[in-house]
Amino acid sequence: MTENEANSPVTAEEFNELLRVRREKMAALQERGIEPFGHRFDMTHHLQDVVESFSDLEGQAVKVAGRIMAIRGHGKTSFVDIIDLSGRLQSYFRKDVIGDDGYETFRLLDIGDILGIEGIVFKTKTGEVSIKVSSFVLLSKSLRPLPEKWHGLKDVELRYRQRYVDLIVNPEVRQNFVLRSNIIKSLRCFLDDRGFLEVETPMMHPIAGGAAARPFITHHNALDMKLYMRIAPELYLKRLIVGGLEKVYELGRVFRNEGISIKHNPEFTMVEIYQAYADYQDLMQLTEQAIAKIAMDVLGTTKITYQGQEIDLTPPWTRMTMSEAILKYSGIDFAQVENIEQAREIAKKLHVDFNKQDGIGKILNNVFEEICEKNLIQPTFIIGHPKEISPLAKSNKDNPEITDRFEAFIFAREMANGFSELNDPIDQKERFIKQVAERESGDDEAHMMDEDYVTALEYGLPPTGGLGIGIDRLVMLLTDSASIRDVILFPHMRQRD
RNA sequence: GAUCCACUAGCUCAGUAGGUAGAGCACCUGACUUUUAAUCAGGGUGUCGAUGGUUCGAGUCCAUCGUGGAUCACCA
């Protein structure tokens, strides 16, 4: 049935049998004076509490609420499974307890209906903790049938489009999203404990900066101006460090107008963290400590299994420069490269693509991505990124062609990216100018000029370490989810019709 | 954007060689006062993703389109 039909006052004949029967039952309940959509209910326990506290609760009256997931009828008695967020509990309806009238009402209930139940806690002869219903109240009539009880909802398209159904029938999906919430809670706790200040900066930017990505474009009517949905909060957060806030973080959504895949959603959640007077080494430590602490909080261990692969998140993680990684996985020493011809030669030899205008740094990065990334299963910090691909990172003191930057890889995926922030306004302006030139020569992911950001740096940005962690990918890792869509409640889908 | 795969009842799936559309669960009728995938007897509830085409005849073959998935490209 289409949404149109669901919202229009159709006659019963237009529904299929399953929908029609439920509406007829709703009407029958109303005829018996029962309101099919209730108001509130005071429960004394969640369902799992009843099971866990059975020895204390046996023989006592409790009030619980939940959704009917199974009905096993036996004539004048019935066993009814109900679920809430905490778990499942069996309830036992008896005609001689709730009366003829109550039992007639009970028989108008369906799988999917939401009930409030008052009854006595007991154990059945097969040993299952149950509640003998002394009274019940319909809290919400369900007008649509739920998917099958033991296969659940498998169709991934329906699972994403109708996540509410997915959440009802697939308990592990519910658990994953509870875990996601716990991960974020744990991260906040970690940062708050270390004196970081949580801040909120604009999501709509006049200039999209802080990352290399194509932005979504929107428009403000009253100001009649073009605005970009933010691709990163970075430049605003560093303005706050200029302003003296010292240790800040922002946890929130960013938007990138790019392809959708198992690892990419157009909007995703990241945390960016900035710490004045720190450098990339400090932030590397912070990264491994944060992720290990989160894993400990939500899973109770730093040794996890992702897609069948054992991964040990215990710090310290391996540290390796980009060139070292290339040497390790290809046997070629890229650090010896002195000119662009040599770099191109290596790329050709390793069958790595590059563009004519790419410099040594970009080719180095291409080679790394092509040859090394797939090998970085255990947590690994890659450091020594070329300046060419790091327009916001501070150059290394000893080798100005590379930056004091790191990326954390786990299971061949970039999980975090951080660096000592470039705080030299003159250097920053030059790098912006280079980015603008790249933009003009067709790279629509290159940075735009942000004059105000340069002005902020001119007031003085203390030496600062910065870090971004992709929360969705972290949640994927800790929930053993193969697709980012499994950790985003409502992943983006093409509109139907 | 490219390639491959999928789309059949509310859900999970079968459908042989092109010949009247199937099963389990759910649902409906009846029996049943401790079941738990309850059981027993009976009932099939359908725009086979859409539109064309081939054919006496299409769920099945062909074409186009739609939606989704996987891989690739882009990216985090």
Side-chain angles (χ1 to χ4, degrees), chain A residues 1-2 15-22 24-25 68-81 88-98 103 107 110-112 122-130 132 142-162 165-166 168-170 210-215 231-232 254-272 353 369 373 407-410 412-417 443-445 468-474 476 482-485 491-497:
Chain A
M1 190 171 70
T2 68
F15 290 118
N16 74 33
E17 190 201 345
L18 295 173
L19 299 179
R20 197 187 66 239
V21 163
R22 286 184 177 229
E24 286 167 2
K25 286 181 180 174
I68 298 176
M69 293 305 282
I71 301 174
R72 294 178 291 281
H74 295 264
K76 295 179 183 65
T77 70
S78 294
F79 291 92
V80 175
D81 292 343
R88 187 195 75 96
L89 182 68
Q90 177 172 268
S91 60
Y92 184 40
F93 288 74
R94 290 177 63 101
K95 193 174 189 175
D96 61 3
V97 176
I98 59 175
Y103 207 74
R107 288 166 69 92
D110 283 301
I111 290 171
F122 77 110
K123 220 173 227 183
T124 63
K125 71 180 183 189
T126 52
E128 176 155 351
V129 175
S130 304
K132 189 178 287 178
S142 174
L143 297 177
R144 287 174 183 269
L146 286 174
E148 208 211 332
K149 62 184 160 195
W150 63 82
H151 292 104
L153 184 65
K154 285 232 170 76
D155 184 317
V156 287
E157 184 175 355
L158 285 179
R159 286 186 44 226
Y160 300 148
R161 287 191 192 275
Q162 295 186 284
V165 180
D166 190 30
I168 291 169
V169 301
N170 295 325
R214 282 205 303 263
I231 55 176
V254 296
F255 309 86
R256 297 189 184 176
N257 205 342
E258 279 151 5
I260 294 177
S261 82
I262 202 169
K263 290 180 283 184
H264 301 88
N265 194 61
E267 53 181 305
F268 63 102
T269 301
M270 64 184 294
V271 64
E272 284 201 10
D353 290 340
E369 286 181 356
E373 264 190 29
E407 286 181 297
F409 288 90
I410 304 175
R413 287 176 191 160
E414 187 190 337
M415 299 290 301
N417 178 22
D443 182 359
D444 52 6
E445 286 173 6
I469 301 174
I471 297 299
D472 310 275
R473 289 189 179 175
L474 180 61
M476 285 170 71
S483 171
I484 197 169
R485 295 183 199 93
H492 279 286
M493 307 278 275
R494 207 178 287 272
Q495 200 160 21
R496 270 190 161 163
D497 304 325

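In what follows, chains are A, B, ... by sequence order, proteins preceding strands, each numbered from 1. In this text the structure is predicted, and so the values were computed from the model without any measurement.
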Can you work out whether A/M493 or A/I71 has the more 5'-proximal nearest nucleotide on RNA chain B? A/I71
Ionic contact status for A/D472 with A/K263, cut-off 4.0 Å: no
Can you tell me which nucleotide in B/rA76, B/rG68, B/rG10 comes closest to the side chain of A/V156? B/rG68
A/V80 side chain near A/F93 side chain, heavy-atom distance below 4.5 Å: yes
Paired with B/rU16: which nucleotide, if any, by Watson-Crick or G-U wobble criteria at under 3.5 Å for both distances? none
May I ask you to say what A/K263 touches in the nucleic acid, namely base, sugar-phosphate or nothing, with a heavy-atom cut-off under 4.0 Å? base
Give the nucleotide from the list B/rC27, B/rG68, B/rU35 with an atom nearest to the side chain of A/K125. B/rU35
Within the structure shown, what part of the strands sits under 4.0 Å from A/G470 by heavy-atom distance: base, sugar-phosphate, or nothing? nothing
Looking only at the side chain of A/R94 (C-beta and beyond, no hydrogens), which of the listed nucleotides B/rC27, B/rU12, B/rU33 gets closest? B/rU33
Please state whether the base of B/rU34 and the side chain of A/T77 form at least one donor-acceptor pair under 3.5 Å? no
Close side-chain approach of A/V21 and A/E17, heavy atoms under 4.5 Å: yes
Nearest-Å distance, CD (A/E17) to P (B/rG10)? 11 Å
Please measure how far the P atom in B/rA21 lies from the corresponding atom in B/rA63, and state the result in whole Å. 26 Å
Write down the distance between CG (A/D166) and C1' (B/rU12), rounded to a whole number of angstrom. 15 Å
Below 4.0 Å: OP1/OP2 of B/rG68 and any side-chain N or O of A/R161: yes
Taking B/rG44 as the reference, what is the distance to B/rA26 when you measure between their C1' atoms (whole Å, please)? 13 Å
The Watson-Crick or G-U wobble partner of B/rU54, with both key distances under 3.5 Å, is none
Assuming nearest nucleotide by heavy-atom distance, tell me which of A/D155 and A/S130 is located more 5' along RNA chain B. A/D155
Tell me the partner of B/rC32, counting only Watson-Crick (N1-N3 plus N6-O4 or O6-N4) or G-U wobble (N1-O2 and O6-N3) with both under 3.5 Å; none if nothing fits. none
I want to check one thing: is the phosphate of B/rA38, taken as OP1 and OP2, less than 4.0 Å away from some side-chain N or O of A/R72? yes
Using the C1' atom as the point on both nucleotides, what is the distance between B/rA14 and B/rA6, in whole Å? 15 Å
Between B/rG69, B/rG68, B/rA76, which nucleotide has the shortest distance from any of its atoms to the side chain of A/R494? B/rG68
Indicate, with a heavy-atom threshold strictly under 4.0 Å, whether A/L153 touches base, sugar-phosphate, or nothing. sugar-phosphate
Partner nucleotide, any strand, of B/rC72 [Watson-Crick/G-U, under 3.5 Å]: B/rG1
Pick the C1' atom in B/rC65 and in B/rU55, then give their distance to the nearest Å. 23 Å
Atom-pair distance (CZ on A/R20; P on B/rG44), nearest Å: 15 Å
Just to be sure I understand the rule, does A/R159 reach a base, reach only the sugar-phosphate, or reach nothing, if contact means heavy atoms closer than 4.0 Å? nothing
For A/L158, report the nucleic acid contact type (base, sugar-phosphate, nothing); a contact means any heavy atom under 4.0 Å. sugar-phosphate
Base, sugar-phosphate, or nothing for A/E414, non-hydrogen atoms under 4.0 angstrom? sugar-phosphate
Would you mind classifying the nucleic acid contact of A/E128 as base, sugar-phosphate or nothing, using non-hydrogen atoms under 4.0 angstrom? base
From the list B/rU33, B/rA70, B/rA76, which nucleotide is the closest neighbour of the side chain of A/E258? B/rA76
B/rC72 C1' sits how many Å from A/E369 CD, rounded? 15 Å
What is the nucleic acid contact for A/G152, judged by heavy atoms within less than 4.0 Å: base, sugar-phosphate only, or nothing? sugar-phosphate
Please give, in whole Å, the distance from B/rU33 P to A/R107 CZ? 11 Å
Applying a 4.0 Å non-hydrogen cut-off, can you work out what A/F122 is touching in the nucleic acid: base, sugar-phosphate, or nothing? base
Can you check the distance between B/rC7 and B/rU12, where both ends of the measurement are the P atom (answer in whole Å)? 12 Å
Between A/D353 (CG) and B/rC72 (P), how many Å, whole number? 15 Å
Using atom P in both nucleotides, what's the gap between B/rC5 and B/rG43 to the nearest angstrom? 41 Å
Give a yes/no on whether any side-chain N or O of A/K25 is located under 4.0 angstrom from OP1 or OP2 of B/rC28. yes
Taking any heavy-atom pair under 4.0 Å as a contact, classify A/A70: base, sugar-phosphate, or nothing. nothing
Options B/rU33, B/rU67, B/rA70, nucleotide nearest the side-chain atoms of A/I262: B/rA70
May I have the distance from A/K154 (atom NZ) to B/rC7 (atom P), rounded to whole angstrom? 15 Å
Does B/rC11 have its OP1 or OP2 closer than 4.0 Å to a side-chain nitrogen or oxygen of A/K149? no
Base, sugar-phosphate or nothing for A/D444? Non-hydrogen atoms, less than 4.0 Å. nothing
Paired with B/rC65 by Watson-Crick or G-U wobble geometry, both distances under 3.5 Å: which nucleotide is it? B/rG49
Per side chain to side chain contact (heavy atoms under 4.5 Å, CB included), A/L153 is matched among A/V165, A/I168, A/L146 by A/V165
What is the ring orientation for A/F79 with A/Y92, classed by angle as parallel under 30°, tilted 30 to 60°, or perpendicular over 60°? parallel
According to a strict under-4.0 Å criterion, is A/N16 in side-chain N/O contact with OP1 or OP2 of B/rU45? no
Distance test, side-chain N/O of A/R144 to OP1/OP2 of B/rC11, below 4.0 Å: no
What I want to find out is whether A/K25 reaches A/D110 closely enough, with some N-O distance under 4.0 Å, to be called a salt bridge. yes
Roughly, in whole Å, what's the span from CZ in A/R214 to P in B/rG1? 12 Å
Taking atom P in both B/rG59 and B/rC74, compute the distance separating them and give it to the nearest angstrom. 44 Å
Do the side chain of A/E148 and the base of B/rG24 come within less than 3.5 angstrom through a donor-acceptor pair of N or O atoms? yes
Please examine the side chains of A/V156 and A/R485, heavy atoms only from C-beta on, and report whether any two atoms are closer than 4.5 Å. no
